[in-house]
Amino acid sequence: MRKPKQILTLLIVFFGLISIADQAKAQDVDFTQKILVPYDEAYQFLTDLGYEDYNLKAQKTLDTATEIHPVSKLALLNSVSRFGGIRSAKMLASMYYAFLSINDQLSADTRDKNLKIFLDIATQQMMPFPVVMLEPIQDSAYQNTKGKLAYEIREKYLRQRGVDRYNLEAKNLIKAYTFLYNQTEEASARAPEIFQNWIESHLYTTMVSQFTMSQQARYLGRALSAATVKFSRDKNQPQIEARLKKQLHEGGVELDDLLQARYHPLTENKNEPSFQLKNGDIALEFSLGQESYLTSMGVEPSNIENLKLAKKIDLISSFANIPLFAASKRYEEALVAKRSNAIMSEAQEKTIADYWDPKISKGFSHAAIVQIKHDAKTNISLAWIWDVYPDSRGGGVRMMTPEGFSFPESFIRVGFARYSAAKVLAEYKKQISERGYLENVLQSNESYVDTSNPDHHRAYANTSQNYFWPAQIEKEKVLNWAQNTKNENAEAWYQNEILPSVFDRIHRYTYEADAVLFAKGLVNARGMAYCSQIVRLAFLQATNFDVTNSSDRYRSIPKLMAHFFPDDLKLASSYFVAPAGLVWQSQLLDTFVKFDYSHERAEKQKISKTLASDYTNYVGKNADVAAEPLLIEASDRLELEDIVVVEED
């Protein structure tokens, strides 16, 4: 087992660990058919539910492409790491399912005893956890230090907290998996270290990002829960699913929502009904702060009907808030002072407070698209949310989970917009009739990597060159869709033709050398690809249908101010690409829902007692791991300071 210091070193270089174990399936450890048959069954089941091997495709592109744009290379490397975590979650869950199958053949007494540890493993990995980057710093050196040094102390402190949390959960899981492994016939045939190394490598790859970044995409927990329910339903043992459902409910997670692709709103209204997600839904994040304010202040839809809708649902800030718009640079300065533990002036404190006022920060700050994957045999559906995050180092496309897209904090709320298939078809026919088929769907400035700062891998626009994005759909198919699709078949056309084409393009953005969004600048400001553009570009390339044909426009007064005060408003200009035109197509919109801020959940966020289960009741000194058992204190609210990492002898 790695020591905390060793883990910290790995985290600093990055969270992607590409090991031998991450490049192959369980067969690399030479298991017998008794394990491999159920393993492969679960592996295919999870692949069909969205756990695809995009990382291997991205790695193949890196290995075989003759020329890769430097920004593409960074994004592809990011995809190898990020999607490697999704694949490792699938492999760990497949092994878990294989152990469940073997356990089902043991004596009733042993089987029942082992079942608790299976359910604890799945529950532990589905529980929400405090977002490390947002917790108060308790370090005394930090409290007495100012400026850059304080910032460095803060970063180091928070990293170590994430390391401690990772070590805690990884050690528990290694002990649990090893205990289950030792009950198989495999254990006597080979050294247990081989299996432990396999488990540890995949745990690192899939778990460590949860403790180093402010996200809660619990890939492993979802895979384990789905595998558990598959086993329960296939073997006609409903009590297993019922027990898992009860344990998750006690920790604030609803199994039915998870496995039926429903979004469980994290609001202070405990009776808020879940929202049933649908393929193609647009997921929206409404977060208090500078970015949502600037988009609501600086940009608006150019289409009159869309503008009316944006105002009706309170997405446009009043011109009375113009002074705050002009203070955007001062906000950034105040934020730096706050993060570096510096003493802020009264003016800085007011600027910070203003930007976090719900009455002012009205716009949405992030947009993505929902994809639903379904398994007909078990009737399990998983929801995935595809996005691109502008500030991700190296860029690239992310495959998030609903709980990972927007974590439960008091300054964030979530919304969803849905298009009407009938309206989309009517608009599609109209566009193709008016302008025909487009060979090139988008023109952009080529980008390059700024190498002046090796820690700042963003793409910058080169305004002297242009790049054309070609259509990725045949002309005959476009014309056939427009001419022959009947109105009564609009829903089937949208779900079975349009959306599969769109998602295929989005998937390819994760692993094709020339398709990565960051490879060519889509935004003239800093060359960054914005979240909404992954959906826009996919629709354009895959269908030849510009669902955002009514583009956004700068609002007059902010645009005028940015012209006369470019230095003061430099920061604001980088946000002048809002996704309003993507979502607020009133002529296409069918459903819109926006949930309230999650105040109560943020204040009372806890880790379930299930997470604090004493695994040593089952493994203890019988497991072929450290003799010293790892104990976790049970608590209604398990904070990181409660964790004691046990060093190996």
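Here the CD1-OG distance, from Ile473 to Ser501, works out to 5.5 Å after rounding to the nearest 0.5 Å. Interatomic distance, Gln431 CD to Leu438 CG, rounded to the nearest 0.5 Å: 9.0 Å. The structure places OH of Tyr509 at 10.0 Å from CG of Asp504, a figure rounded to the nearest 0.5 Å. Atom-to-atom distance recorded for Asp257:CG and Leu277:CG is 9.5 Å, nearest 0.5 angstrom. Between the CG atom of Asp314 and the NZ atom of Lys359 there is a distance of 12.0 Å, given to the nearest 0.5 Å. Annotation: the span from Lys373 atom NZ to Asn279 atom CG amounts to 8.5 Å, rounded to 0.5 Å.
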- Message: Determine whether Glu491 and Lys486 satisfy the following criterion, salt bridge (Lys or Arg N to Asp or Glu O under 4.0 Å), listing intermediate values before the conclusion.
- Response: CA-CA 10 Å; Glu491 185 65 32; Lys486 298 181 180 179; over 6 Å; no
- Apply side chain to side chain contact (heavy atoms under 4.5 Å, CB included) to Thr401 and Ile385, showing your working. CA-CA 6 Å; Thr401 64; Ile385 298 182; over 6 Å; no
- Message: Determine whether His366 and Phe286 satisfy the following criterion, ring-ring contact (aromatic ring centres under 6.0 Å, His included), listing intermediate values before the conclusion.
- Response: CA-CA 7 Å; His366 194 49; Phe286 299 82; over 10 Å; no
- Evaluate the criterion side chain to side chain contact (heavy atoms under 4.5 Å, CB included) for residue pair Val478 and Thr543; output intermediate values, then yes/no. CA-CA 7 Å; Val478 169; Thr543 69; over 6 Å; no
- Message: Could you go through Asp387 and Met400, starting from their C-alpha distance and side-chain angles, then the distance that decides it, and tell me whether this counts as side chain to side chain contact (heavy atoms under 4.5 Å, CB included)?
- Response: CA-CA 7 Å; Asp387 74 351; Met400 304 297 287; 3.8 Å; yes
- Task: For the pair Tyr355 and Ser292, evaluate side chain to side chain contact (heavy atoms under 4.5 Å, CB included) and give the outcome as yes or no after the intermediate values.
- Result: CA-CA 9 Å; Tyr355 270 114; Ser292 59; over 6 Å; no
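With sequence neighbours left out, the ring pair (Phe, Tyr, Trp, His ring centres under 6.0 Å) criterion links Tyr151 to no other residue.
In this structure, the side chain of Arg82 engages the main chain of Val397 through a donor-acceptor pair within 3.5 Å. Side chain of Glu497 to main chain of Tyr494: no donor-acceptor pair is present (N/O by atom type, distance under 3.5 Å, no hydrogens or angles). Ser81 places no side-chain N or O within 3.5 Å of a backbone atom of Asn78 that could act as its donor or acceptor partner. Judged purely by atom type and a 3.5 angstrom limit, Gln541 has no side-chain atom pairing as donor or acceptor with the backbone of Trp469. Using modelled atom types, one side-chain atom of Ser340 and one backbone atom of Ala337 make a donor-acceptor pair closer than 3.5 Å. In this structure, Asn496 contributes its side chain and Trp493 its backbone to no donor-acceptor pair below 3.5 Å. A donor-acceptor pair is defined here as one N or O able to donate and one able to accept, closer than 3.5 Å; no such pair exists between the side chain of Asn321 and the backbone of Ser317. Judged by distance alone, the side chain of Arg222 and the main-chain N or O of Ala383 form a donor-acceptor pair under 3.5 Å. Side-chain N or O atoms of Thr351 include none that pairs as donor or acceptor with a backbone N or O of Tyr331 at under 3.5 Å. Gln276 places a side-chain N or O within 3.5 Å of a backbone atom of Ala261 that can act as its donor or acceptor partner.
Using a cut-off of 4.0 Å between Lys/Arg side-chain N and Asp/Glu carboxylate O, Glu333 and Lys338 are scored as not salt-bridged. Ion pairing between a basic and an acidic side chain is recognised when a charged N comes within 4.0 Å of a carboxylate O; Lys429 and Glu434 show no such pairing. The residues Asp590 and Arg418 are annotated as not salt-bridged, no charged nitrogen and carboxylate oxygen being separated by less than 4.0 angstrom.
Heavy-atom minimum distance, Gln290 versus Ser328: NE2-O, 3.0 Å. In terms of heavy-atom proximity, Ile316 sits nearest to Lys362 at O-CD, 3.9 Å. Minimum heavy-atom separation, Ala58 to Tyr511: N-CB, 3.4 Å. Taking both residues in full, the closest heavy atoms of Asn544 and Gly436 are given as OD1-O, 4.1 Å, listed atom of the first, atom of the second, then distance. Taking each heavy atom of Arg339 and Arg154 in turn, the nearest pair found is O-CD, 3.4 Å. Closest non-hydrogen pair, Ser365 versus Ser287, comes out as OG-OG, 2.6 Å.
In summary, the side chains of Gln371 and Trp386 do present a donor paired with an acceptor at a separation below 3.5 Å, with no hydrogens or angles considered. Trp356 and Tyr293 share no side-chain donor-acceptor pair at under 3.5 Å. When only modelled atom types and interatomic distance are considered, Glu427 and Tyr419 share no side-chain donor-acceptor pair under 3.5 Å.
No close placement of the Phe275 and His264 rings is indicated, their centers lying 6.0 Å or farther apart. Checked against the 6.0 Å centroid threshold, Phe416 and Tyr263 count as a close aromatic pair. Taking the six-membered ring for Trp and the full ring otherwise, the centers of Phe83 and Trp384 sit at least 6.0 Å from each other.
Cation-pi geometry between Arg413 and Phe595 is not satisfied (NZ or CZ under 6.0 Å from the ring centre, within 45° of the ring normal). Judged by a 6.0 Å distance limit and a 45° cone about the ring axis, Arg508 is not positioned over the six-membered ring of Phe503.
Asp256 has its side chain within reach of Arg262: a pair of non-hydrogen atoms, C-beta onward, lies under 4.5 Å apart. Within the 4.5 Å cutoff, the side chain of Leu382 has no heavy atoms near those of the Ile372 side chain. Between Leu288 and Asp357, every side-chain heavy-atom pair lies at or beyond the 4.5 Å cut-off. For the pair Val414 and Glu285, the minimum side-chain heavy-atom distance is 4.5 Å or more. In this structure, Lys430 and Ser433 have side chains that are not in contact, with every pair of non-hydrogen atoms separated by 4.5 Å or more. Contact annotation: the side chain of Ile322 approaches that of Met297 to within less than 4.5 Å [non-hydrogen atoms, C-beta and beyond]. Between Asp281 and Ile369, the closest side-chain pair of non-hydrogen atoms is not below 4.5 Å.
Counting non-hydrogen atoms of other residues, nucleotides and ligands closer than 6.0 Å to CD of Glu346 gives a total of 12 or fewer. Atom NZ of Lys146 has more than 12 neighbouring heavy atoms from other residues, nucleotides or ligands inside a 6.0 Å radius. Within 6.0 Å of NZ on Lys350 lie no more than 12 heavy atoms contributed by other residues, nucleotides or ligands. Residue Arg435 qualifies as enclosed at atom CZ: its count of foreign heavy atoms under 6.0 Å is above 12.
Ring planes of His507 and Tyr54: tilted class, angle from 30 to 60°.
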